[in-house]
Each structure stands twice: as structure tokens, then as C-alpha cells.
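These numbers come from a predicted model, not from an experiment. Per chain, numbering begins at 1; letters A, B, ... match sequence-line order.
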Amino acid sequence: MTATETPSPDTLTSPAGNPLGFGRMLRKEDARFVRGQGHYVDDLVLPGMLHGAILRSSYAHAKIVSIDTSAAEAHPKVKAVITGKTLEGLNLAWMPTLSGDVVAVLATDKVRFQGQEVAFVIAEDEYSARDALELIEVEYEPLPAVVDARHALDPDAPVIRDDLEGRTDNHIYDWEAGDAAACDEVFANAEVVVAEDMIYPRVHPAPMETCGAVAHMDKVTGKLTIWTTTQAPHAHRTIYALVAGLPEQKIQVISPDIGGGFGNKVGIYPGYVLAIVGSIVTGVPVKWVEDRSENLMSTSFARDYHMHGEIAATRDGKILGLRVNVLADHGAFNGVAQPTKFPAGFFHVFTGSYDYPAAHCKVTAVYTNKALGGVAYACSFRITEAVYLVERMVNCLAFELGMDPAELRMKNLLRPEQFPYTSPTGWVYDSGNYPRALEEAMRIAGYDELRAEQAKRREEAAKPGADPSAPLMGIGISFFTEAVGAGPRKHMDILGLGMADGCELRLHPTGKAQLRLSVQTQGQGHETTFAQIVSHVIGIPPEDIEVIHGDTDNTPFGLGTYGSRSTPVSGAAAAVAAQRVKEKAKVIAAAALECSVEDLEWEHGRWYVKGDHAAGKTMAEIAMAAHSSLELPEGVEGHLDASVVYNPPNLTYPFGAYICVVDVDPQTGAVKVRRFIAVDDCGPRINPMIVEGQVHGGLADGVGMALMEVIAFDSDGNNLGGSFMDYLLPTSMECPSWELGETVTPSPHHPIGVKGVGESATVGSPPAVVNAVLDALQIRAADMPFTPAVTWRALQGRPIRPDLAIE
Amino acid sequence: MQVPAPFTYERAGSVDEALSLLGRYGPEARLVAGGHSLLPMMKLRLARPEALVDINGLAELDYIRVDGDHLAIGAMTRHAAVLESPLLSEHYRIFAEAERVIADPLVRNRGTVGGSLCQADPSEDLSAVFAALRGEVVIRSTGGVRRVPMREFHVGPYETAVGDGEILVEVRVPIRTSVGSAYEKVERRAGDWSIAAAGAFVVLDGDRISDVGLGITAVGAEHFTCAEAEAALVGAQPDDEAVEAAAAICASSCNPTVDQRGPEDYKRHLVSVLVARALRRSIAVARVGSSRGVED
Ligand SMILES: Cc1cc2nc3c(=O)[nH]c(=O)nc-3n(C[C@H](O)[C@H](O)[C@H](O)COP(=O)(O)OP(=O)(O)OC[C@H]3O[C@@H](n4cnc5c(N)ncnc54)[C@H](O)[C@@H]3O)c2cc1C
């Protein structure tokens, strides 16, 4: 057990045996999931429903000369074929992205990435729709493709976005953060400067459920209902209203059970819009669900950052400054989903968990002939890239100084008394005890013994006649700080929508509650966690609290689930709503008990009269009284509910220390993750089991990205990761038995002190694995993913560039 | 959802019925065994058979048994059955070692020996196993039965000696004594196809190698083997020098394609490492005089 600064966890249990608040309990939603009774978009069948399928470009860059749909239209089961031309007539051929760019719904002039949407077939069944795709004749005039981001700004590079007035190059933006001059000075005078290039390659969130929608435009009522795979149903509703000019009160977005999001389901895809258009055109519901390859090739990718880092330090290992140049590959359209004022997301928290004065970054974003996206895959708005950068740079410094990377980190970590800490790029870290987390990880790992084992193995390997196949042992550390839970709304908005979340809590007369949330779960366990938050505040059993979400007609407005923001923002909203209900309950209890409000005292779930414990009312009794004929004081309305909009005063800053141990076969390059130790601090754990589940998933993600996941492109712009045979996700065989630890440092500004944890492990783990592999190879740098070939070539001193086709 | 192009479906109750259905539907008909190779290709519309003849009901082709001085494996034997067969393990560890790293349990529960060989994917593991063991296949048509040595079975990538209107019914492997065998594979992830894999058997006669077989997959080795390396080993002492020399021959004579699994230099290097490892372990097993008793 580790030290904790929070009040002891809620120890009372409900009749069902659940904690009356925080603690381990089985997930309420699993009752349906383990029975196969989840209800996903693709499960929906409506009377008269038609099926859509999308014809996609086989070229990365080509002019569309002509599209002939006549044969497809003649297919007996085809009801309509929609092309860019059809959409132009409706002024819908292009739609805005979340980053102020536009993207084609269906290509009209050119196709700009392989897999881009070209035509939409609507048929009686999905088989016929697919068959008819083959009957569409598209004549293309192929153009040279821009594949390597490093050449996107070459003077002779083909201009991808000639649809935009006056475009003569593929430049999207330059963006800076930090103090360049201060940085220059520090670097000019530093004893040691280490520079390194690294690629965080393009990867894909690859949720189990692909994206899809069922749209139904009711001709009589004029109401559009769309069931869709979205992490942000309310934002989607507003965007549909703005894009299609539909009245917002007549749009209902329903996000049913979602099979994983990881950022993949934040944006609006052409397929969703096409299902809507299809329903408008045909007058009946239209379903569109993409297949796996469509998901991998055309929906939001993640990362794709080419980074150049420089770290300055004293010879004895005191870090002085960090500066970074990033070349960001955004694909053919700038469709990154992030707060408006942050074109590079929150990348500028790259200063990480360390104490030094100077930092600067410059990000240049370019168009290439690849799918759009960018912020996705559990990255907390590019903090994954930021953490990777700083944790790799710190290791490079350790390598140059010949210093133990744990010692170097310990020497530079922010100290507990420095919080709240304002970083050189302007972030205000809320709370933390970093050295304690690293110590805890090292304790669990047995760090000194591991280093001793490594030294012994290296000594053995150096002896004459040593076994050349003996594994190389590597130990990698990463320490991460995240900034999650966007807003505050004055700093953070998406398409002008401020990042604050509504929440409504209503107690029914019998004391059972409904909690309405704006956020939407994709598997994180909201139905359980949020019930526990309310239970924690008002003491009614979690099983008596129904969490309602994913339906814009039945929930308050809010920005959605991504960037680990559900618990920091909506969780705070739920806690505040529960507090308000508790306070209102106090007034009603006073009226029922005929005493003054000041005379009441709270015990979990009940108000009672000070000094007379028997004279009290439970929340259930108070709920009934609130709905009864009981006379209430002046100004107190009946019923027991509260409605809140929570605007976070700051982000929350979860952190953690990770240690990975690998064994590398020096002859084959195969990497085996032997151990992985993860100490996470996300503040108090509402449901430790769910937190551990989130961490497990994220660690597997990290192993995947470090060892196998990548979407590379060949020189023609062909996507080389378009199926699960090519885009590899880790399995249990690649994952060790995770060794988890925790420290608990509450957030001072969050009503219940909690920080988000949905992305911590995905953010924190890749550099730990990469640092371990490089430690095993005893080389300073090479790019992930460390497939056997990449590892072996790195060992030979001839590294492979992972984002391009292997030559 | 990826969906195949339209096709008709027939279920055969016997080999004879399957043959007559193949005859009825002609060259555009395909047999479907486990379906783990054919169905993905159909979904991607890379394969478009007009008719599928389902042979999953043919229990008569699901067996592993001794037939005289051979091991006989029915075409409809599933990967999982090969993996778990005590009979095969008693004679050749290479079977279980290869099967353990073929695909994943789901695929192994359905995929068949016959389907694997007839698919003739250039990275198929069983092709290397049977090539190493110098097996032969038994092919039936309405005209009768013929036997084809494994090393003549593949006529090109995805092409085999099985013609229209024919069914592969059995694979046969000679039983050998004082033999050791092993299989070595490197993959990017469990369930992925090989980057390269190599299998071997070695028969020792005193301090000499009297018989040897090599199987190599995923790197364009001719007939999934390397006869030149085998020839160099026969009669040699089973020492490091012989092993390394044979491994080097395999590495230089194969013909790997460059893809995201690796560049050419790496694949050749990997072949030499895996051939050497498979040979060393085969020799160690053979030394004990039995195919059992030596752990990896
Ligand atoms: C995810 C995945 C991973 C895989 N990984 C590997 C791997 O690592 N190593 C490996 O070696 N394989 C791997 N495979 C392939 C798999 O082992 C075989 O390809 C598959 O099992 C083929 O057998 P099947 O019975 O499913 O054949 P099917 O798909 O049913 O048939 C394949 C072909 O053989 C023909 N055919 C089938 N039976 C006969 C017969 N008796 N006579 C004549 N023709 C016949 C069919 O007409 C078809 O053309 C993998 C497959 C998948 C799906």
C-alpha cells in the first residue's frame, strides 16, 4: 500500500453490496455486454431501412475526369447513387472540419488520399450496395502524390489543395509556444546540448466497432434522428445544424452503445452526412456502416509528428532547457479535432515533469496525400507526442552523460512544494508528488536489482565464447504529466462551442435517481463511475442511480468524451449537482423535521437533528417529502433535482512513472516485453477496478505503438496499413502481466479531487518501451515501431524509416 | 462489412459427392474447407468463385494415423488436431512447434491441413513443414488417385498440382528413426504470418548426418526448401561449422520480397539464423535418439 492523502475510501455498502460511493464494484453496463445484449449502431433495424456503401478512391492523388453511375443505378436493388455533383446541387459537397478547413463529403474535382469518398450507393441491402459499387465507372487522371511530409514544402511539390483560392503550396500553419530568445540564451551557454530527430509515426485508434450511422429524416415532422458512433453527440447535433442548415430543435443525435472510440469517433465523417442525405433523398432511414479497411484507411489517424528535439543541461545532469521543431503531417485536409486556439493540441506541455526554465517549440503543419485526422488514439490532444519527445530527450541526455536515466529524472523532477507550478509554456500544473511516484515504480520494479542483472548479463555477453543468441536486456523509464479535462471554456472551444459540460440529477419520489450526462461512454464505464460519484456525495446506492447519456433530446449540452475529459469535467458537474441536491435535501429535511436548517447534520445518505440521531430523514424519505404535500419554506420549490453547467477552472494533471523491462533477441531482433510497472496518480480512484482496466488497455496500446503499430505509405501514396493483417494490434501474447501501483494526489480545484485516467497509460507507456528497447541495444536513438526488422537494423546501425515503405 | 460477390453454395456429404459437385459447377467452383483463407479473399473480392463446395462434413478426411511406414494425415484435419496429436509429436516435434505459431486458436480450430497446402500462400508454415519432411500428397479425382511429392506440389505462388475437379485427400510423411526435428519462426506479433520461418529434421548415424530435410517459408525458397544446403549436410559431422555453412547457403539462395515485414538483408540474415537454430535443435534431439526428451 502507498501513502494516500485522501479521506478513507467510502466503506459503507449498499443492499446490493456495492460501495456507497468510491470503491470496487462490477460495472453496471456489463450485465448487458457480457450477455451480448449491447445495442450498437449496426444492430439497429428500422422499417423500410435502406443500406448505403461508399465508393472510395484507389488513388492517393488524381483528377476525376468522369463518373458514370448508370450501370449502378440500373442494378435492380439500387435506389439511388449520390456523387459529388449531386451534393454540389445541395451545397453539401464540402463541409467544415473541426480545424477551420473544409473537407470533401464526396470528391468533385480531385481525390486527395487513397480511400477518399467518391460516390454513395443506396440499395435495399448491404450486399447489393456493395455489388453496385463495382458498377460505377470512375475515370481518374493520376497525379504525383505527396507522401513524405519532409518534402511537402519542396518548391516542386504538387499542390494538394488547389480547391482553396490562391493556394500555391502545402503549408497549413506555423505555430509557436514558449520563449525562443530565453531558450537560445540557455542553449548558447549550456555545458551539454543533445539533439535528436524522432518520428512518432502515424497510427490508428482502430476501435473494435467501426464507424457508422443510421439516419432518418421524417418527412412529415421534419425531424432528423441520427443514431451514430459519436463520442460527442451534442457537438455533432450543432454541427449538423450548421452544415446542413437544419433547425437544431429538430435534430436528435443518439449515440447508442459504442464499441471503443479512442478519438476515432470525435469528428463527423462523410459517411454520416451521406446517410443523412440518403435519407432525405429516399425518404426512408438509411444505414451506413464502414468496414475495417475503410475505418483504417479513411477515418482519423493519430500522431504523424516528425520531431527534432534539443535538450540543454549541465554536465552533472541538471536540465536547463528544451526546444523542439515539429513537422506535423495533417493529411489532405486539416481535420484535427482540438480546441480552436491550440492548432497543435496541447503539444506544448512537452516540458514534461521536470524543473527547468527555458522551453520553446515550433510546429509546422503540412498537407500530404493521406487521410485527415490527427488528434486521436487516446492522446489527450497531442500530449502523447509531447511526452514521447521529452522522455526520449531525457534518455538521450542520460545516454550522453553516461548517467542512470532514473537518477537523471529524479534529479530534475518537479518537487511537491513547487505546486501549483507554472510551466515555461504557460500551463499551471495543479498538484503532484513526482519523486514519490518514481520511487514507488522503482520499488515495485526492484530497479537496482534489475540494473545489477543487466550488468551481469552484459558482462557474460562480453566474455569470449558467449552465446550470441543470449537476449539483450533493456530497462526503460518514462515519467509523464498529462493536462486533461478541457476547458476552461474561455480558453477552449471547438468550432466556437465552449468546453463546459451540463449535467442534471433528479431524484424520483421513491429516492431513486436519474443522472443525465452530456458525455458519452465508449466503454469507459460511465454508467458505473458516475453513479458512484453521486453515491459518494448523497449516499444513495449506485444501483439506484441510472445514468442517461448519448441522446441529445434527453441530456443536457456538453462537448463529449475525449481528451480524458469525462470525469474531470462531467464528473465535476455530477458531483456539484449531487452537492446541490444534498443542500436542497437539507432544507426539505428541516421542513419535514420541523427544525432549522442549522440544526441538521449529515451522515452518509441522511440528514438528522444535531444531538438527536434518531430524528432524521434519509435521502429517500426526503425525496418523497419533496414531492409530497409538505409545506416548504418561502422560495423553496418542490421536487429534488439540480441542473449544473460545469466550467472547469483549470485542467487536471494526472501523472505517473512507468518502467518497462524487455529482452531483445540480438540475432532476430524480436523484442519481448518481460515486465511493465505502471504507477499512476489520477487522484482518488472512484472505481479502482475501472481505473486499472483503463490503465491495462492503455499499456497494451503503448506496447502496440512501440512494437508494431504504424500506417506507412508507399511512394504512390498507397496505404500500407489498411487491414488487420497489416495494421497490427497487440494481443495478450505480447503483453506481460501488468504490475500496477498508485499514489494519490488529489486535484485541489476539482470538487472531488479526481483527475482523468482514460489516456494516461497510452500517453505514458510508448517511451518506456522504446527507452527499454534502446537500452537493450545500447544505442541512443531509433524510431518505433520496433518490429524485428526495425530492431535488427537499428542494431546494425542502419535504421529503417518507419513511416515509409521498407526498401 | 466486407461482403463477397454472389455465389452459390453446396454442401458435400462425401468425397465422391464433392467431386461430382466440382464437375457440375466446373472450373469456377471452389472447395471450401476451414474457409480461413478463401473467405477473406472472397470478402476482399480477390477471389470470386461462382460456387462453393463445402467439404466440412467430410469426416472421412479427418484423421491422423500410421499407414505402414508412413504417417497419414487427412486433408480435413484441423490445425488444432495437428498441434495436439500425440502420434505426430512422438515422431516429429516439428508439427507441434510449427502449429503453435500458426495463426491463432480461432484459425487453428477451423483451418485445415488440406486448405493450408492448397492455398499455397508463399508464407504458409505447413508447406515448409511438409517440404522439410519430404512428404507427399494424395490427390483424388473422378479418374482415380495420384500421388505428388511435396517438393513438386507447388507450381507457383497460390498455385498447386491440384487441378480442376480434384481434391487433395491426404498428406503422407515417411516415418524415420534416430530423427530430431524443429521449427523456428519469427513474426511481428502472435498470429501474424512469418517474416521468415525454417524447419528441419536430422537423422544421425553415429557422428554423421545421414539424412536431413529443410523447410523454409515466406522468403521465396524454391519448393519451400533448399536442396543445396541439404546436400552439403548429408555425410557431414553435425557441428557448428556444418550448420553455419548450410544456413548461409539457405540465406543466399532464397529469394525474399521486400515488404513491411522487413528489407531483403534482414530477411536473408533471419533465414540463416532460423535455419541454424532449427538444425541445432534437431541435432540435439536426434542425439538423444528419440524425438522426445529435449526441451527447447
Ligand atoms: C488471421 C490468420 C492468420 C493466419 N496465420 C497463418 C500463419 O501464421 N501461418 C500459416 O501457415 N497460415 C496462417 N493462416 C492461414 C491458415 O493457416 C490457412 O490458410 C487456412 O487455415 C487454410 O485452411 P482452410 O481450411 O481454412 O482453407 P480454405 O480457406 O477453406 O481453403 C483455401 C484454399 O484451398 C482450397 N482447398 C481447401 N481444401 C482443399 C482440398 N482438400 N483439396 C483441394 N483444395 C482445397 C480451397 O478451395 C481454397 O482455394 C492464417 C489465417 C488467418 C485467417
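Crowding of A:Glu137 atom CD: a count of heavy atoms from other residues, nucleotides or ligands under 6.0 Å not exceeding 12.
For A:Arg793, the part lying under 4.5 angstrom from a heavy atom of chain B is the side chain only. Only the side chain of A:Asp665 comes within less than 4.5 Å of a heavy atom in chain B; its backbone stays farther off. At a 4.5 Å heavy-atom cutoff, A:Leu133 makes no contact with chain B through either its backbone or its side chain. Looking at B:Asp192, the atoms closer than 4.5 Å to chain A (heavy atoms on both sides) all sit in the side chain, from C-beta outward. Contact of A:Glu734 with chain B is made through the side chain alone, with heavy-atom distances under 4.5 Å. Both the backbone and the side chain of B:Arg261 come within contact range of chain A, with heavy atoms under 4.5 Å apart.
Side chains of B:Thr225 and B:Glu230: a donor-acceptor N/O pair is present below 3.5 angstrom, by distance only.
The pair B:Arg280-B:Glu244 counts as a salt bridge, with a side-chain nitrogen and a carboxylate oxygen less than 4.0 angstrom apart.
Of all the listed residues (A:Glu290, A:Met733, A:Met708), the one sharing the greatest number of non-hydrogen pairs under 4.5 Å with chain B is A:Met708. The residue among B:Glu264, B:Lys43, B:Arg45, B:Arg188 with the most heavy atom pairs within less than 4.5 Å of chain A is B:Arg45. Each of B:Val3, B:Val258, B:Leu270, B:Asp265 has some count of heavy-atom pairs under 4.5 Å with chain A, and the biggest count is that of B:Asp265.
Here the side chains of A:Val121 and A:Arg130 are not in contact, with every heavy-atom distance at 4.5 Å or above. Residues B:Leu117 and B:Glu124 fail the side-chain proximity criterion, which asks for heavy atoms closer than 4.5 Å.
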Worked verdict on A:Glu709 versus A:Arg303 for salt bridge (Lys or Arg N to Asp or Glu O under 4.0 Å): CA-CA 12 Å; A:Glu709 291 181 39; A:Arg303 328 279 189 257; over 6 Å; no
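Using cut-offs of 30° and 60° for the angle between ring planes, the B:Tyr266 and A:Trp792 rings count as tilted.
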